[in-house]
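Shown next, in structure tokens, is the structure this report addresses.
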Amino acid sequence: MKTNNVMKLAKDIYIEQMKWSAWFIGIIIAVYTGLGIAGSYYNFSFINNLFMFSAGSSMIYMFVIGIIAGASFLPQFVKLGVTRKTCVYGMAVAALYLSVTLPLIFSLLALIESLVTGMFEFNFASFVLYVFDIFIVYLLGWMINIGFYKFNWIIGLFFIVLAIFIDFIYALIWSGNITPLYELSDLFTKVFEPNILYSDLSFLISSIQALLLIVITLIIIRLLTRNMPIKIK
């Protein structure tokens, strides 16, 4: 496996997924703007910050395209002669790129929004956690897809259970100093800001633990794909 091949593959996959993401970003902006206009007329409240507003939707989106990626990219590239190892590494790098790009884009859009509203709340720890959250769910969607693709649907159900277990462990990692994964919308409120400063030791420890869990998930994916048969259609 050559590093150049991995990075070239990662670039191709990243560009393709960014094409999908352009639609997602546009929809989020449209919904957010629509809610903002409706809120001014009907006086209802919602998360009045695009960065915060996008967080939960980004997790769902990344989970879905993780499933799609497992079903499309790996079999397609293996049929073209790319090794499974290169495919897995390339897809993982592309997923990481995308996991950084989405929160970065929404951060910049929130900054632009602040020029009008005068409100912009951001800290580095929130950004890092956003990246962790959407990267791990992408991997879980990918792992579930591989389970169904490689085995029968009964064994595939086991990988759903495994993904839920990994998700639960991930939530526990942050539960000591940050709200759990399932309450992501609360992560960026002032209530939790003192607990997620990136200089805080507990945040650093949780970050290391989250990285280890991500590595374990990637190892599982690599082991599953090592001798995975490719279906000819």
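Tyr138 places no side-chain N or O within 3.5 Å of a backbone atom of Ile67 that could act as its donor or acceptor partner. Under a 3.5 Å cut-off, the side chain of Lys150 and the backbone N or O of Leu224 do form a donor-acceptor pair. In this structure, Ser54 contributes its side chain and Phe51 its backbone to a donor-acceptor pair below 3.5 Å. With hydrogens and angles disregarded, a donor-acceptor distance shorter than 3.5 Å links the side chain of Tyr61 to the backbone of Ser21. A distance-only check finds a donor-acceptor pair linking the side chain of Thr83 to the backbone of Thr86 [under 3.5 Å].
Within the model, atoms CD1 of Ile160 and CD1 of Ile144 stand 5.5 Å from one another, a figure rounded to the nearest 0.5 Å. Expressed to the nearest 0.5 Å, how far CD of Glu16 lies from CD1 of Ile65 amounts to 10.5 Å. Here the CD1-CG distance, from Ile29 to Leu50, works out to 6.0 Å after rounding to the nearest 0.5 Å. Distance check: Leu139 CG to Ile214 CD1 gives 6.5 Å after rounding to the nearest 0.5 Å. Here the straight-line distance linking atom CE of Met7 with atom OH of Tyr89 works out to 14.0 Å at 0.5 Å rounding. Leu213 contributes atom CG, which lies 10.0 Å from atom CG of Leu218 (distance to the nearest 0.5 angstrom).
Phe127 and Ser107 make their closest contact through CD1-OG, 3.8 Å (heavy atoms, listed as atom of the first residue, atom of the second, distance). Considering all non-hydrogen atoms of both residues, Val88 and Trp142 come closest at O-CH2, 3.5 Å. Here the closest non-hydrogen pair linking Arg222 and Lys85 is NH2-CB, 3.5 Å. Closest approach of Leu157 and Phe148 over heavy atoms only: N-CZ, 3.8 Å. Across all non-hydrogen atoms, the minimal contact from Phe63 to Leu140 is CE1-C, 4.2 Å. Closest non-hydrogen pair, Met59 versus Asp133, comes out as SD-CB, 4.2 Å.
Side-chain contact check for Ile136 versus Asp167: every heavy-atom pair is 4.5 Å or farther apart. Inter-residue side-chain proximity for Gln76 and Val82 is flagged as unmet; no heavy-atom pair is nearer than 4.5 Å. Phe77 is listed as a side-chain neighbour of Phe73, based on a closest heavy-atom distance under 4.5 Å.
Cluster membership for Ile155 and Leu162, using ILVMFWY side-chain heavy atoms within less than 4.5 angstrom, is shared. Under the 4.5 Å side-chain heavy-atom criterion for Ile, Leu, Val, Met, Phe, Trp and Tyr, Ile154 and Ile146 are members of the same hydrophobic cluster. Hydrophobic cluster membership differs between Val161 and Ile166, with clusters built from Ile, Leu, Val, Met, Phe, Trp and Tyr side chains linked at under 4.5 angstrom. In this structure, Trp23 is not a member of the same hydrophobic cluster as Val31, with clusters built from ILVMFWY side-chain heavy atoms closer than 4.5 Å. When hydrophobic clusters are built by joining Ile, Leu, Val, Met, Phe, Trp and Tyr residues whose side-chain heavy atoms come closer than 4.5 Å, directly or via intermediates, Phe159 is not grouped with Ile219.
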#### Entry: Derivation of the side chain to side chain contact (heavy atoms under 4.5 Å, CB included) call for Val78 and Cys87
CA-CA 8 Å; Val78 169; Cys87 282; 4.1 Å; yes
### Message
Between Tyr130 and Phe106, is the side chain to side chain contact (heavy atoms under 4.5 Å, CB included) condition met? List the steps.
### Response
CA-CA 11 Å; Tyr130 196 140; Phe106 285 118; 3.7 Å; yes
Using a 3.5 Å cut-off and no angle test, enumerate the donor-acceptor pairs between side-chain atoms of residues 91-105 and protein atoms at least two apart in sequence or in another chain.
unit_1, atom_1, unit_2, atom_2, d
Ser99, OG, Ala95, O, 2.8
Thr101, OG1, Tyr14, OH, 2.7
Thr101, OG1, Tyr97, O, 2.7

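Listed by chain and residue number, nothing satisfies the side chain to side chain donor-acceptor pair (under 3.5 Å) test with Gln209 (two or more places apart in sequence, or in another chain).
A perpendicular orientation is assigned to the rings of Trp174 and Tyr170, their planes being inclined by more than 60° (bins at 30° and 60°).
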